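Contents: one structure, followed by commentary.
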Amino acid sequence: MPEVSHNQLAVTLTKACVGAGVARGVAEDVAQALAALTNQEREAALTELCKALDSFDNYGSQPTTLRRDGDRDITTISQGNLLHNGPGLVELAIVLADDGGALLVQQIDYPHCFKALVAAKGGGRMEETSSGTVLTFKEERTDLIAPTPARGQANRAQVDRALWARLLHHAHATMVPSDAASQADAGAGDGDND
C-alpha cells in the first residue's frame, strides 16, 4: 500500500476529477474532503470516487427539484450527485442550518464521499431516514477527519495500490502529449513583450 503526502493525494484527486470532466471547483472540494479523511474512512470513499469517475457524464445529471417545507424547516432535494451538485448541497445545508433548518436529500449516489464533504466542513453529519438522508450542521466534532499532525511530523496517507493506479489513470487525462505540435505552441513565443 503506497504512502503519499496529503498534499500529493489532494492534488492527484483534483487532477483525476478534472481529467474525468468534473468542474474544477467541485473537483477541488471533493479532493480536499477525501484527502482529509482518516486512512480507515478513506478507502471506502476512494473506491466510490473511482466508480464515480469511471462513469462520469458531464451532461448526464438528472434534474433535481428543490422543495421547502416551512412547517418542519426542512428543504428537500430529489437527488444528490457527488460530482455535479455535492459540494453545493453541503453549502446549502450549512446556510439552512444557520436558519435552524436542515436539508433532506432523497437519493445520494456516493454516501461515503458525501460523508467526507459534510465532515470536512466541520460539525456536519448525515442521518438516514425513511425519506432520504438529512444533512445537518451543529457544533460537533467528527472523528472521520484525520487530526492535523504536530509540526515536523509526517502527514502521510495510505492508499490502496489499485485505487491509486485508477486515480492516476484519470489524472493523466489532464496531461498534454509530448509531440512536435504541442512543443511548437509551448512557451511565450516571439510576441512576448513583458
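Note that the structure is a prediction, hence the values are computed from the model and not measured. Here, residue 1 is the first one in the sequence, and each next residue gets the next number.
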Would you check, one step at a time, whether the test side chain to side chain contact (heavy atoms under 4.5 Å, CB included) holds for His84 with Gln79?
-> CA-CA 10 Å; His84 286 281; Gln79 180 161 343; over 6 Å; no

Residues forming a side chain to side chain donor-acceptor pair (under 3.5 Å) with Glu91, sequence neighbours excluded | Lys121

Quick one: does Arg161's side chain get under 4.5 Å of Pro2's, heavy atoms only?
-> yes

Side chain to side chain donor-acceptor pair (under 3.5 Å) partners of Thr12, counting only residues at least two apart = none

At their closest point, which heavy atom of Val118 faces which heavy atom of Met126, and how far apart are they?
-> CG2-CG, 4.0 Å

Taking all non-hydrogen atoms of both residues, which atom of Leu104 and which atom of Val134 are closest, and how far apart?
-> CD1-CG2, 3.7 Å

What pairs with Thr47 under side chain to side chain contact (heavy atoms under 4.5 Å, CB included), at least two apart in sequence or on another chain?
-> Glu43, Lys51, Leu163

State the CD-CG distance between Gln8 and Leu13, to the nearest 0.5 angstrom.
-> 10.5 Å

Drop me the distance from Leu92's CG to Leu135's CG, to the nearest 0.5 angstrom.
-> 9.0 Å

Would you give me the side-chain donor-acceptor pairs under 3.5 Å for residues 14-37, sequence neighbours excluded?
| unit_1 | atom_1 | unit_2 | atom_2 | d |
| --- | --- | --- | --- | --- |
| Thr14 | OG1 | Ala10 | O | 2.9 |
| Arg24 | NE | Glu28 | OE2 | 3.2 |

Is the number of heavy atoms from other residues, nucleotides or ligands within 6.0 Å of CD (Glu3) greater than 12?
-> yes

Following the transitive rule for hydrophobic clusters with a side-chain heavy-atom cut-off under 4.5 Å over Ile, Leu, Val, Met, Phe, Trp and Tyr, establish whether Leu46 and Trp164 coincide in one cluster.
-> yes

Closest heavy-atom pair, Arg42 versus Ala157, reported as atoms and distance to 0.1 Å, is NH1-CB, 3.4 Å

Name each donor-acceptor pair under 3.5 Å that joins a side chain in residues 165-172 to protein atoms two or more places apart or in another chain, with its distance.
| unit_1 | atom_1 | unit_2 | atom_2 | d |
| --- | --- | --- | --- | --- |
| Arg166 | NH2 | Asp54 | OD2 | 2.4 |
| His170 | NE2 | Asp54 | OD1 | 2.8 |
| His172 | ND1 | Leu168 | O | 2.7 |

Applying side chain to side chain donor-acceptor pair (under 3.5 Å) to Glu127 and not counting sequence neighbours gives Arg125

Could you state the interatomic distance from CD1 (Ile94) to CG (Leu103), rounded to the nearest 0.5 Å?
-> 11.0 Å

Find out whether Leu117 and Leu89 are in side-chain contact, i.e. whether some heavy atom of one side chain is under 4.5 Å from a heavy atom of the other.
-> no

Any chance you could measure Phe56, atom CZ, to Asn81, atom CG, to the nearest 0.5 Å?
-> 7.5 Å

Between the CZ atom in Phe114 and the CD1 atom in Ile108, the distance rounded to the nearest 0.5 Å is 5.0 Å

